[in-house]
Amino acid sequence: SEPDEGGNSDSDGEGTSEEAAEGGELVIANQSDVVSMDPAGSNDTPSSNVQANIFETLVTLDENMELQPGLATEWEAVEDNVWEFKLRDDVTFHDGSEFNAEVVKANIERILDEDVASQRYFLYEMVEDIEVVDDYTVRFTTEYPFAPFPAHIAHNGGGMTSLEVIEADYEAMENGEEPGSYINENPIGTGFFKFDSWNSGSEVRLVKNEDYWGEPAHLDSVVFKVVSEANTRVAELETGDSHIIDPLGPSNMAQVENSEGIHVAPQESVSVSYIGFNVEKEPFDDPNVRQAINMAIDKSQIIDGIYEGVGIPAVGPLAPAVYGYDEDAPGLEYDLEEAKQLLADAGYEDGFSTTLWTNDTQERIDAATNVQAQLQELNIDVEVEVLEWGTYLERTAQGDHDMFVLGWSTVTGDADYGLYPLFHSENIGEPGNRSFLQDEELDEMLEAARREGDEETRLQLYSDIQAKLTELAPMLYLHHQEFLLGVNDNVQGLTQSPTGILQLHDVSLNQ
Amino acid sequence: MIQFIIRRILQTIPVLIGVSILVFSMMHLVPGDPAQVIAGEGAPQEQIENIRERLGLNDPLPTQYLNYVTSAVQGDLGTSMRSGRDVSAEIGARFWVTVELAIYSTILAVFLGLIAGIISATRKYTAIDTTIMIVALFGLSMPNFWLGLMLIQWFAIGIDLPSWVPFFNNTAWFSPSGWGSFSQIVLPVITLGTGSAAIIARMTRSSMLDVIGSDYIRTARAKGVKEQIVIYRHALKNALIPIVTVVGLQFGGLLGGAVLTESVFAVNGMGKLIIDSIQARDFPVVQGTVLVASLLFILVNLIVDVAYRFLNKRIDLD
Amino acid sequence: MTGAPNPSYDNILEIKNLQTSFFTKDLEVKAVDGVSFNIPKGKVLGVVGESGSGKSITSLSILRLIEEPGKIKGGEILFKGENLLDKSEAQMRKIRGNEISMIFQEPMTSLNPTFTVGQQISESFRIHEGLGKKEAKKKSIEMLKLVGIPSPEKRINQYPFELSGGMRQRVMIAIALACNPDLLIADEPTTALDVTIQAQILDLMKELQEKLDMGILLITHDLGVVAETCDYVAVMYCGKVVEFTDKKTLFTEPKHPYTVGLMQSVPQHDQDVDGDLAVIRGSVPSPADMPQGCRFAPRCPFATDLCRNKLPDLETDEEGNQIRCWIYSDEWDGDPEVNVHEQSKSTS
Amino acid sequence: MNNQKVLLKVDDLKQYFPIKGGFFGRTVNHVKAVDDISFEVYEGETLSIVGESGCGKSTTGRAVLRLDEPTDGKVEFDGTNILELNKKEMNKFRKDMQIIFQDPYASINPRHTVRQILTEAMEIQNAVPKHERNDRVKELMETVGLGAHQIDRHPHEFSGGQRQRIGIARALSVDPKLIIADEAVSALDVSIQAQVINLLKKLQREFKLTYLFISHDLGVVRHISDRIIVMYLGKVVEIADKKSLFTNNMHPYTKALLSAIPSTDLEAKKERITLKGDVPSPIDPPEGCRFHTRCPFATDICRTKVPELRNTEGMKDGHRAACHHMEAIRSGEHQPTVNA
Amino acid sequence: MSRSNEHIEKPEIAVKQPNPRLKSWKSVFNKLKKNKSAVVGGILIILLIIIALIGPYLTPYDPLYDQDVTNKLATPSSDHWFGTDNFGRDIFSRVIQGTGLTLMIGFFSILLGATAGVFLGIIAGYYGKRIDSIIMRFMDILLAFPSILLALTIVTVLGGSMVNVVIAVAVSSVPIFARIVRGSTLSVKKLEYIDAMRALGASDSRIIFKHILPNITSPIIVQATLSIATAILSAAGLSFLGLGAQPPTPEWGAMLSDGRNYLYNAPHVALFPGLAIVVAVLAFNMLGDGLRDAFDPKTRE
Ligand SMILES: Nc1ncnc2c1ncn2[C@@H]1O[C@H](COP(=O)(O)OP(=O)(O)OP(=O)(O)O)[C@@H](O)[C@H]1O
Ligand SMILES: Nc1ncnc2c1ncn2[C@@H]1O[C@H](COP(=O)(O)OP(=O)(O)OP(=O)(O)O)[C@@H](O)[C@H]1O
Ligand SMILES: [Mg+2]
Ligand SMILES: [Mg+2]
């Protein structure tokens with residue numbers, strides 16, 4: 001069948017629901033299992049994908065990466081560094097308890113609690129104080145003016161858990177349990193689906209929340225099952241054992257397209273894949289070399305060869321869907337002659353030898369291999385080294401590498417999160433700046449942009465930053481991925497956000 | 001006999017201590033910081049530090065080890081660093097799946113391997129013998145994932161053959177994933193059993209050849225016993241003794257080697273758990289699974305030894 | 001009773017010109033090369049001869065148990081007048097263990113180590129007499145009692161390794177005798193045993209043989225055993241019978257130089273012999289280069305050109321003894337007065 | 001005889017093999033394979049050990065060579081107690097004490113040629129300087145009656161008798177003083193057996209060898225020995241010079257043993273003493289005289305008291321037997337019980 | 001002590017002899033020649049070695065860097081005999097290029113694993129008792145141990161070189177050999193010729209290496225030839241840890257794994273390296289069967 005573009009475009013489910021059948025169980029095959037049901041206890045897409053249906057956030061991001069009201073009806077910056085949110089007053093949790101400002105305060109404070117050591121801490125590290133103004137008004141004071149705050153609040157990490165389970169969880173912690181152990185078993189949110197069961201490593205099942213404050217979901221239940229092998233996921237889709245497979249490997253696209261009753265659903269994403277240079281090491285300490293490499297790579301080869309033509313070449317680190325992306329930002333076009341010239345200018349006309357590290361993800365290995373082949377043209381002799389994930393993270397954080405392949409997903413949809421962790425000198429090493437880039441000017445620009453309250457000025461700042469990053473070229477920006485889903489034709493009303501989260505509220509199944 | 005079993009069970013204690021020390025030190029030796037894997041990209045330094053503190057990773061190693069062993073002895077294998085779930089529960093859910101998978105595959109492997117081996121041995125140096133050897137070596141050289149995916153293609157998705165082909169034109173007989181029902185079990189069991197079947201076949205062949213030449217087989221023939229009975233009753237029981245060792249070794253291998261099969265067929269077993277948790281540097285889960293796997297392995301070896309004794313009462317276990 | 005048994009006598013087994021060869025990669029080993037002898041009903045025939053002379057292969061040929069790469073090439077094996085070589089495999093199975101039984105040389109390796117003694121004895125009953133499990137067991141116990149094993153009810157559940165060598169051999173005999181065979185082949189049944197046990201077993205065999213009126217083919221290299229148990233003796237050398245006589249003749253006046261040498265090289269336990277033992281010089285020829293004449297010629301002190309060039313036939317003398325030696329033929333070209341006994345002693 | 005030089009002296013030798021059991025593999029019992037035996041071997045003589053299978057003949061031989069460490073006792077060779085030597089010192093002593101095994105095939109490494117086998121033996125003991133080894137190998141081959149042309153053959157290319165000669169050549173290659181022949185001719189065909197026995201005797205004459213000859217074939221023993229030890233269930237029951245043993249034996253077991261030998265003499269009428277029952281287990285041997293369970297002459301005293309080896313009236317010097325009733329049996333006073 | 005020990009070391013050899021060792025090797029070789037399966041196996045292996053040695057100079061395309069994305073996943077044709085992979089690289093050239101490396105990994109890891117396993121197994125079997133318990137329990141641990149963790153440790157400690165992948169694969173095969181060898185040793189050490197050597201005063205090491213080892217080669221050869229397949233596959237399985245062949249090295253096992261993504265639309269990507277492995281394994285097994293017979297002195301020359 002043809003890829004169902006319609007499923008993506010008419011996103012605001014309201015329209016399609018009339019003719020869609022009610023009920024049924026939707027089966028989604030995922031690559032990995034949920035790590036935790038606790039919104040504060042995980043930071044991975046599979047977990048977020050499940051949690052997004054159980055827990056809701058004050059603000060939500062729609063598929064165009066625009067902020068929409070969620071549990072909060074409105075929000076504003078009352079001061080430079082104080083954000084106020086007005087909450088809905090008609091929301092109850094799955095356990096019947098009420099949703100109010102106290103709950104919000106408890107949830108965010110829990111993430112900031114050192115003892116909990118939440119994986120979502122990075123989202124709210126700038127929060128200094130949370131004030132319950134009244135039952136349905138809450139104020140966040142940040143250390144410094146922080147413009148993208150609503151985007152951070154919209155992140156799944158800000159999913160609201162019932163106060164009762166938070167308290168129960170703390171109690172359990174006092175009895176020596178790990179943080180989150182209670183919430184993990186009792187994930188109580190306000191979402192349109194309720195938690196039903198979790199068979200660790202195998203599947204999670206959610207059932208419809210009949211008492212949802214908004215319009216209830218069409219489906220009776222959703223099952224997220226784990227099928228880690230890509231080919232098997234395709235088989236699942238073909239046999240009808242699963243309705244949706246997430247992700248679909250590019251190499252399997254043809255197979256899905258050629259089969260009846262199923263189709264491929266692509267979705268552009270907020271992520272970038274890149275090859276980072278260790279700018280502290282020779283010869284990558286020379287921007288000319290970095291630029292030369294940027295210009296020597298024909299990115300379409302990678303997109304065609306590895307991703308079957310899916311995705312778009314990256315000009316800079318920000319994907320088009322990210323707030324702050326400047327489509328006019330200058331880039332380094334593929335130009336082998338120029339590249340050679342630059343290299344010669346840097347004194348490497350005869351090339352050099354270096355290494356390129358990657359972890360064991362097949363696409364990254366392939367990308368590395370392709371870049372290796374392409375750099376032969378510049379007489380750059382690249383040795384590809386595959387490292388196991390844990391080792392890879394630690395060693396690249398230590399700066400043992402020359403070049404490395406990695407990706408970044410701007411999960412908040414805001415340019416700040418797409419740039420600050422990757423390029424600010426404060427984040428060198430482990431936190432994200434594995435290029436070891438230290439540029440005072442860039443630092444200042446990044447800081448200014450995140451504090452700037454005025455949208456226009458802020459966007460301008462990000463344009464400047466993107467131009468600057470092209471010049472600095474701390475990375476070879478490869479491409480912006482497109483998410484691929486394999487979907488059964490019976491599935492109606494499915495959308496996926498550019499952060500990878502499936503929007504299931506409006507989904508229905510044709511029986 | 002009972003004494004022997006009890007003694008062997010007691011002997012597992014030092015083995016388990018050895019295993020735990022080894023796993024523990026290896027996990028700490030290899031680079032990769034669980035705190036960082038958990039925190040993920042973009043997490044600020046101080047937060048990684050918090051996680052480290054929470055997980056007790058800042059204690060000196062001997063303290064960490066002692067803490068672990070102290071609670072492990074009390075039956076508490078700790079909680080997963082990654083998910084915060086109880087390690088025993090995590091393993092418990094998967095344990096039987098893996099054991100079942102290994103047992104069924106072993107049964108299949110033994111069945112196929114024995115038959116092929118016996119046919120090979122009784123028709124030594126004939127075309128059949130050579131064919132079986134080549135098929136066996138194919139089975140051995142075929143990686144699990146390959147065979148698994150092929151089987152899925154053929155017998156779960158089904159292949160399109162002309163409609164006049166009887167029986168095989170719609171071969172979507174089995175389920176591609178999961179574990180539980182018959183249709184889910186068939187393909188992974190075949191996938192996992194094939195390699196071992198090949199080894200068992202080769203072993204059976206040489207073992208049968210040794211036995212068939214022995215005096216007591218001639219005695220049986222001299223009694224007027226039918227050839228089939230001579231082979232399957234008199235010869236096989238003796239030939240089984242070396243085969244049992246191989247089966248034991250294979251079964252142990254299946255426990256670990258199941259990883260690929262488990263992930264191809266989305267079988268939620270221990271093999272995958274080990275790999276995932278090693279990659280996540282989830283120390284307690286790794287230690288727990290390795291201990292359980294070792295225990296299982298020791299148990300299998302014990303069963304093998306008891307089976308020896310059962311097959312040949314002469315073998316002196318002490 | 002002198003002389004070899006007359007072939008027309010009521011024979012249980014008659015072998016005529018049996019030939020069995022092994023076809024190895026590059027040559028044919030004629031393990032049994034034209035063997036003929038016969039066993040009268042209820043009599044014991046001893047077969048003696050150098051190791052490798054084809055004794056065991058002859059006995060296996062009778063039961064048609066020769067395995068690859070061996071093959072019975074020719075001859076006749078008449079059992080109760082019918083040629084076994086014409087029987088189908090299914091017919092042979094009915095005969096094996098039922099009408100003809102065999103006791104193998106090594107009691108330990110000839111019993112299946114993984115089955116109990118009882119299982120192994122009852123198998124015969126179950127195959128040939130179609131008995132049920134219980135009855136077969138009962139009869140097995142009787143068999144064990146018959147061969148003189150104390151408390152057979154207990155022994156029946158034991159494994160071969162739990163029994164002593166003597167007991168194992170008795171179990172083998174019990175298996176062999178289970179279905180009252182008409183012919184028992186015993187291939188060196190006591191070689192592995194020490195003398196006291198050997199005596200027990202031989203006594204037992206004789207007793208049973210008389211009771212059941214069996215014919216026995218007893219292969220041994222112990223001439224003492226022959227003297228005590230056999231009625232007739234066949235001496236084999238290199239796949240051929242060289243002398244076939246009654247026992248008395250063999251011990252009092254052996255004719256073939258090989259037989260003579262054999263008798264003389266036995267150390268005597270009942271008299272002191274000083275000096276060296278008599279030996280047969282040289283060694284058995286290898287199957288690769290068999291002498292073209294008499295097989296024993298290269299080692300024979302009397303060999304003449306005739307012996308070396310032409311193979312003698314097995315001739316029957318006036319007393320009915322058969323001998324394969326030129327010395328006793330009319331063609332003999334050597335010293336006509338030759339005394340085989342005296343001469344060979346002096347040459348040793 | 002007594003004025004001859006004692007080459008080997010065995011005193012109170014015990015060899016118990018432990019039987020493991022229990023939770024921790026403790027030793028729960030012992031096979032008392034050799035239980036307290038003493039004897040001497042004089043230089044240049046042949047002393048034979050005979051007895052039923054499993055009575056401890058081989059174990060004695062192995063213990064003397066320390067192939068198994070004896071449990072207790074003393075083994076003096078040329079005046080030195082070799083049981084006190086450490087491994088290295090012992091290995092030096094091994095040059096003087098060699099063994100020929102029963103199974104000519106199992107006792108030779110099937111993968112080595114005769115040359116390798118013999119050279120290696122010389123190499124281990126350094127018995128012959130390197131450059132002389134080749135000549136010595138040839139000389140040995142001639143000595144044992146194998147042609148030098150057979151020197152590069154593998155054991156399987158030889159007949160049983162020839163293989164046994166290889167074993168003998170290997171034993172001789174280090175110029176030993178004592179050779180223990182453990183059933184060295186039992187596996188052979190009579191005609192080959194005769195060749196080997198003759199060879200052993202010839203070598204003894206030429207090289208003044210001393211043999212400890214283990215066998216259960218009394219014909220062979222009678223032919224080759226000077227003196228004979230009869231063992232039963234780990235004990236010596238009778239020890240005598242050859243003549244006394246065959247003509248004037250005192251112990252009921254010896255008598256039974258000799259009577260069981262099948263004779264080629266068709267005329268000789270003899271009374272065979274058939275022993276009842278099987279040999280008892282050496283794990284818990286019978287109390288008192290170990291033979292009493294099968295002895296037709298056994299009385300109460302036999303069941304309780306262990307008989308000593310002793311010499312009585314009518315026995316030659318050096319002839320000793322261990323039976324409570326030997327005088328009475330000899331005089332005919334004591335008759336066997338009925339069901340013998 | 002009739003002969004003195006004085007002139008022990010005189011190096012000159014009196015008579016020139018054909019080297020007996022050479023002769024025994026010759027005899028092994030002669031027997032091998034008569035064994036059909038060994039001849040076929042041997043020829044295959046020689047062929048593979050030739051391919052490994054000169055093949056890389058004759059490949060029609062550059063197996064490493066000759067990427068041509070426009071012609072990716074092409075099915076076998078006269079231009080590309082085995083088709084092309086997802087980068088448009090010529091699979092035929094890559095299979096050829098990978099021969100040497102793959103064979104070396106398979107062969108050397110088993111050689112190393114077998115050597116260590118045989119050594120440990122013989123020691124355990126020969127000395128018995130406590131040494132045996134300790135060694136065998138240690139082997140139990142090794143067997144029960146996840147090989148990925150072992151491999152990971154090896155990369156950490158030794159780095160990710162080619163040699164170390166051999167070590168990693170070897171380590172996991174050690175216990176299997178140890179077990180098999182121990183069993184055989186237990187039976188061989190009871191044979192009389194071992195006693196004969198001890199009676200001659202031979203040292204333990206002489207007995208172990210000159211007399212026990214040569215007599216237990218048959219199960220070792222069987223296991224070793226069977227293990228080569230497993231070794232090649234597990235070496236490939238480790239490459240994601242950074243152990244073993246790094247891209248774009250065309251090691252067969254890794255090529256086979258890479259092909260998994262294209263099993264549906266381009267099965268040839270995995271097929272050819274897979275077949276290459278089968279051929280190599282078959283060759284080693286056939287030669288192994290022949291070797292086992294040839295080392296047995298009982299079979300006729
Ligand atoms: N499978 C075989 N392949 C080739 N030759 C064989 C085979 N089996 C037996 N032979 C040969 O057949 C001949 C006769 O062997 P047989 O076993 O009958 O001897 P035997 O007289 O019983 O000797 P022994 O007294 O040693 O038992 C021997 O030369 C032997 O080498
Ligand atoms: N290593 C051992 N462990 C346990 N028991 C043993 C061992 N070696 C021998 N025995 C036992 O010791 C006893 C004496 O054995 P030995 O071999 O000395 O007998 P033998 O007189 O040589 O018998 P044969 O004539 O059968 O060779 C036997 O009961 C035997 O089972
Ligand atoms: Mg025979
Ligand atoms: Mg013995």
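What you are looking at is a predicted structure, and each value in this text was computed from that prediction instead of being measured. Both backbone and side-chain heavy atoms feed into the values below; hydrogens, waters and symmetry mates do not.
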Student: Mark yes or no for whether B:Arg218, through its side chain, and C:Leu65, through its backbone, hold a donor-acceptor pair below 3.5 Å.
Tutor: no
Student: Quick check on B:Val211 against chain C: is it the side chain, the backbone, both or neither that has a heavy atom closer than 4.5 Å?
Tutor: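 For B:Val211, neither part sits under 4.5 Å from chain C.
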Student: Would C:Glu135 and C:Ser122 count as having a side-chain donor-acceptor pair, cut-off 3.5 Å?
Tutor: no
Student: Looking at C:His128, C:Lys94, C:Met102, which has the largest count of heavy-atom pairs under 4.5 Å with chain B?
Tutor: C:His128
Student: In chain order, what residues pass the side-chain hydrogen bond (donor to acceptor under 3.5 Å, both in side chains) check against C:Arg155, with sequence neighbours excluded?
Tutor: C:Gln158
Student: Charged N to carboxylate O under 4.0 angstrom, C:Asp182 versus C:Lys80?
Tutor: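 Salt bridge: yes.
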Student: With a 4.0 Å cut-off on N to O distance, would you call C:Arg93 and B:Glu227 a salt bridge?
Tutor: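 Not counted as a salt bridge, because no side-chain N and carboxylate O are separated by less than 4.0 Å.
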Student: Which of the residues B:Ala220, B:Ser214, B:Gly224 is involved in the greatest number of heavy-atom pairs with chain C at under 4.5 angstrom?
Tutor: B:Gly224
Student: Do we see a donor-acceptor contact under 3.5 Å between the side chains of C:Ser56 and C:Asp187?
Tutor: yes
Student: Quick one: which residues of residues 127-138 of chain B reach chain C at under 4.5 angstrom, heavy atoms only?
Tutor: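 Not one residue of residues 127-138 of chain B has a heavy atom under 4.5 Å from chain C.
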Student: Pick one of side chain, backbone, both or neither for B:Ile229, based on which atoms fall under 4.5 Å of a heavy atom in chain C.
Tutor: side chain
Student: Are there more than 12 heavy atoms of other residues, nucleotides or ligands under 6.0 Å from atom CD of B:Gln228?
Tutor: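 Incorrect, the count does not exceed 12.
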Student: What part of C:Glu89 gets within 4.5 angstrom of chain B, counting heavy atoms only: side chain, backbone, both, or neither?
Tutor: neither
Student: Non-hydrogen atoms of chain B under 4.5 Å away: do they reach the side chain of C:Met92, the backbone, both or neither?
Tutor: neither
Student: Looking only at side chains, do C:Glu123 and B:His234 share a donor and an acceptor under 3.5 Å apart?
Tutor: yes
Student: Does the side chain of B:Thr261 pick up a donor-acceptor pair with the side chain of B:Thr191 at under 3.5 Å?
Tutor: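 Checked: B:Thr261/B:Thr191 side chains show no N/O donor-acceptor pair below 3.5 Å.
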Student: Tell me, for C:Ile95 versus chain B, whether the close heavy atoms (under 4.5 Å) come from the side chain, the backbone, both or neither.
Tutor: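 For C:Ile95, no heavy atom lies under 4.5 Å from chain B.
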